[in-house]
Structures are given as C-alpha cells and as structure tokens.
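Both ligands and their constituent atoms are indexed starting at 1 by order of listing.
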Amino acid sequence: MSMSNQHAMAATQERAGQPILEIEHLRKVFPLRTVRLFGPPRGVQAVDDAAMALYPGRATALVGESGSGKTTIARMMARLYDPTAGVMRFRGEVVKLGGGNSLRNYRRHVQLVFQDPFSSLNPVHDVRYHLSRPLRVYGHARTNDEITEQVLSLLDRVSLSPAEQFILKYPHQLSGGQRQRVAIARALAARPEVLLADEPVSMLDVSIRLDILNLLLRLKEEEHLALLFITHDIASARYFAEETLVMYAGQMVEGGPSDDVIQDPKHPYTQLLLSAAPDPDRINAEGRGLAQLPARGEIPSLINPPSGCRFHPRCPSAMPVCSQRFPQRTELGGGHWTNCFLYGDGDGAVAQAVPLTVIRRKAQGSENTEQ
Ligand SMILES: Nc1ncnc2c1ncn2[C@@H]1O[C@H](COP(=O)(O)OP(=O)(O)O)[C@@H](O)[C@H]1O
Ligand code: SF4
Ligand SMILES: [Mg+2]
C-alpha cells in the first residue's frame, strides 16, 4: 500500500473510530462438481479480492446487479461460508475458521437478516419460539418470565404492537413486512454489534419497503449497530448508508462516502448503474433501476470470467490494458476510490470519465456499440 493510501485509510479510521468488522482480500470460489480429466479444477469465482470495514453506528451499502457476489460476501462475513482466501478481523483480531464455541461467540456478535422472510421463519413455530431460541442459546434469558419479558421488548423495538398479540402468532398469520420485522427482532435477540441485511426489502410489498428500511436505520442509531445494507438499488444507498461500495461480477470497483459515489460516480459501471436508475433523487421504492439494465449487458460467466477488469467487455472506455490485468485501487480524495485505468495505475490513461450521456446511449443500444 502506498503512503498516500495509508494516510487516507488512517484518516478515515480516525473519523469513524476503529472498525468492528473488516474483510481483506476475501475470495470465494465455489467448486464445480463436473469431472474434468485435464486442466485445473474449475469453479465459480463468486468473489475476488473483496475489502470492507464496518464501523459502529454506521451503515455501508453494498450495491450490484444480481449475481455480482453480494450474498456470498454477507454469508462469509456471517460465517455461513468459509472464504477460499483472505482475512476477516473482528475487533481487530483475526477471525479463525472452525466451529464450536468460537463460531457461536462470533455469531452472537454478527447477525444476518436474509432476503426472503417467507422462508427464513419456520412455519411450525410461533413468534415466541423464534425469538426465545437466540435468547436461550446466547444466555440472555433463562426463566420463562425472563424470556416473555425480553420477547415482548424485542417486538416493541421492531414496532410490532401490541406485542402481546404478536408473540403467539405463527408465520402464516403475518404479512411479509411483519415477518421481516420478526426476522430483524430475532437477529437483535443475540445482541449483535454487526447486522448484515441482505436485500431486506426486495421481496416485500412496495408500500412497506420504506418502513422496514427506516426501522433498520433507527436500530442502527439506537443500538449503535454496524449495518451492512445490501441492495441492487443504487439510488436508495445514498439515503440509507454513509458509505457505498459497488460490486461488479465479484469485484469491488468503486467505493467511498455515498454522496460522492452517487453524485460523482467515477467507474464506468457505477455510471451505467446510475444512468439506468430512474431518479437518483427519489428513493427507488419500485425496485426499478438495475432491473432496467439492458439485457445485452448481462453479468458475465463467473466460471470463466473476463480477464483483467471484468467490466471490459461492456465498458465504453475499455483500453487494451483493461483485459490484461485488474487495475489497482486509485484514491480520489475524501475516502472515494475506484479500480479503473481511467484514473491512474501508471498506464498513461486519460483521467477523464466518459460522459453519462454516452453511457446512457450505449446502455439503450441506440447506436452502434462496436468499438
Ligand atoms: N452455493 C453456491 N454454489 C455455486 N455457486 C454459487 C453459490 N452461491 C452463489 N453462487 C454463484 O456465485 C455468484 C454470486 O452469487 P451471489 O453472491 O448470490 O450474488 P448476489 O447476491 O449479488 O446476487 C453467482 O454466479 C452465483 O450463481
Ligand atoms: S478498467 Fe478499463 S474496462 Fe474497466 S472500467 Fe476502467 S476503463 Fe473500463
Ligand atoms: Mg443476493
């Protein structure tokens, strides 16, 4: 790491205190089951060299199209998947892989809220059961009275009221939004310091998405949680997260303070995402945005991903070097960075972004897109 990078990172850490959870050079390859007689074993290169730091009381948005590796990162951070390579640090200490007590202790601090509230709750158990389990497992409550009191308090905290009514309900008696509130309460029951929310509203009715997002924001403030907010909707990131990270095909390509990334996107992929979002000044409650990206620009195969910058087959500014190697991270100031040869890496690239209008025209396929 260069001195300037070290200084920028140190400055960021000073502003925000020490990170609670960090990942560095994190990589995940899912092995393929197909038998291959020749050549090295093949796999899905789902996440490549990912880095992130989460801070108490701050939200980080992880943005990217479906299939870009967001869930895989969250599952590694929740220790549901083992990384293929890389390091995770919790409170500055390297997280050692393995099960038993250390895994349980880790999960008490780092909780994941899943995307689908319809499959994440067990239909044969009531709300009390779902919330009492983590209270018992993590030793926060023992007697029935203690459990009832704490379950009621958890329901209050996620605004399921009257709590006395919700405690006895079964999942099928709850709406999608109410189920997601129960799932969030179950995560809170462990008393975590880190909450990983994997597209927590994408399967919910449009009308209640904002309520659930506001609930997460309130909990982040009240409980000083470090929040990872995964979304495919870059416009909402600005409203819900101090920091935004953009992923493309398993690689992180841009990141920094959300206002900078969203108002002044530097990476051509981030620019494409924003040009496809209907209105960056409005919270994208309809879940449009990425869904409108043109079909011809689908995410590439991760079994045999494009060499170098994985965006090069779609990039309007691609240069020969882009397919030869992945660009180093370039610091743009104020904590904003990108991995793109347009902004440095010593290859004599032009430090100039492609105008948004060109990208929009290309995205809409209204001109000959051959380079
Ligand atoms: N358990 C798995 N086995 C094999 N491939 C997987 C598995 N989980 C995810 N993948 C692949 O990894 C890539 C990233 O997936 P995912 O992390 O779910 O992306 P996102 O959450 O951004 O939609 C995709 O190509 C997906 O097909
Ligand atoms: S590195 Fe090259 S291909 Fe990748 S986004 Fe930048 S200009 Fe485009
Ligand atoms: Mg996902």
Metal site the Mg ion (ligand 3): N/O/S of Gln115 inside 2.8 Å: no
Run the contact test for Met247 against ligand 1 with a 4.0 Å cut-off on heavy atoms, strictly below, and give the result. no
Any protein heavy atom at under 4.0 Å, with atom 5 (N) of ligand 1 as the reference point? yes
Which protein heavy atom lies closest to atom 10 (N) of ligand 1, and at what distance to 0.1 Å? Phe30 CE1, 3.5 Å
For ligand 1, which part of Leu302 has a heavy atom less than 4.0 Å away: the side chain, the backbone, both, or neither? side chain
Do you see a donor-acceptor pair shorter than 3.5 Å between the side chains of Gln115 and Asp198? no
Is it true that some N/O/S atom of Cys322, main chain or side chain, lies under 2.8 Å from atom 2 (Fe) of ligand 2? yes
In terms of residue, atom name and distance, what is the protein heavy atom nearest to atom 11 (C) of ligand 1? Val44 CG1, 3.8 Å
The protein heavy atom nearest to atom 1 (S) of ligand 2 is Phe341 N, 3.4 Å
Starting from atom 4 (Fe) of ligand 2, locate the nearest protein heavy atom and write down its residue, its atom name and how far away it is, to 0.1 Å. Cys309 SG, 2.3 Å
Does Ser66 have a heavy atom less than 4.0 Å from any atom of ligand 1? yes
Are side-chain heavy atoms of Ile184 and Leu219 found at a separation under 4.5 Å? yes
Heavy atom of the protein closest to atom 8 (Fe) of ligand 2 (residue, atom name, distance): Cys315 SG, 2.3 Å
Report yes or no: do Asp145 and Thr143 form a side-chain donor-acceptor pair below 3.5 Å? no
The protein heavy atom nearest to atom 15 (O) of ligand 1 is Thr72 OG1, 3.9 Å
Shortest protein contact, atom 23 (O) of ligand 1 (heavy atom only): Gly67 N, 2.6 Å
Under a plain distance cut-off of 3.5 Å, with no hydrogens placed, do Ser202 and Arg209 share a side-chain donor-acceptor pair? no
Around atom 12 (O) of ligand 1, find the nearest protein heavy atom and jot down its residue, atom name and distance. Ala46 CB, 3.3 Å
Please state which protein non-hydrogen atom is closest to atom 6 (Fe) of ligand 2 and give its distance, to 0.1 Å? Cys340 SG, 2.3 Å
My understanding is that only one of Lys70, Arg310, Arg314 makes a salt bridge (Lys or Arg N to Asp or Glu O under 4.0 Å) with Glu65; could you say which? Arg314
Would you say Ser120 and Arg179 are linked by a side-chain donor-acceptor pair, where the criterion is simply a distance under 3.5 Å? no
Closest non-hydrogen protein atom to atom 18 (O) of ligand 1, residue and atom name please, with distance? Thr71 CB, 3.7 Å
Kindly indicate whether the side chain of Arg136, heavy atoms from C-beta on, has any atom under 4.5 Å from the side chain of Arg142. no
Does the side chain of His336 come under 3.5 Å of the side chain of Glu331 through a donor N or O and an acceptor N or O? no
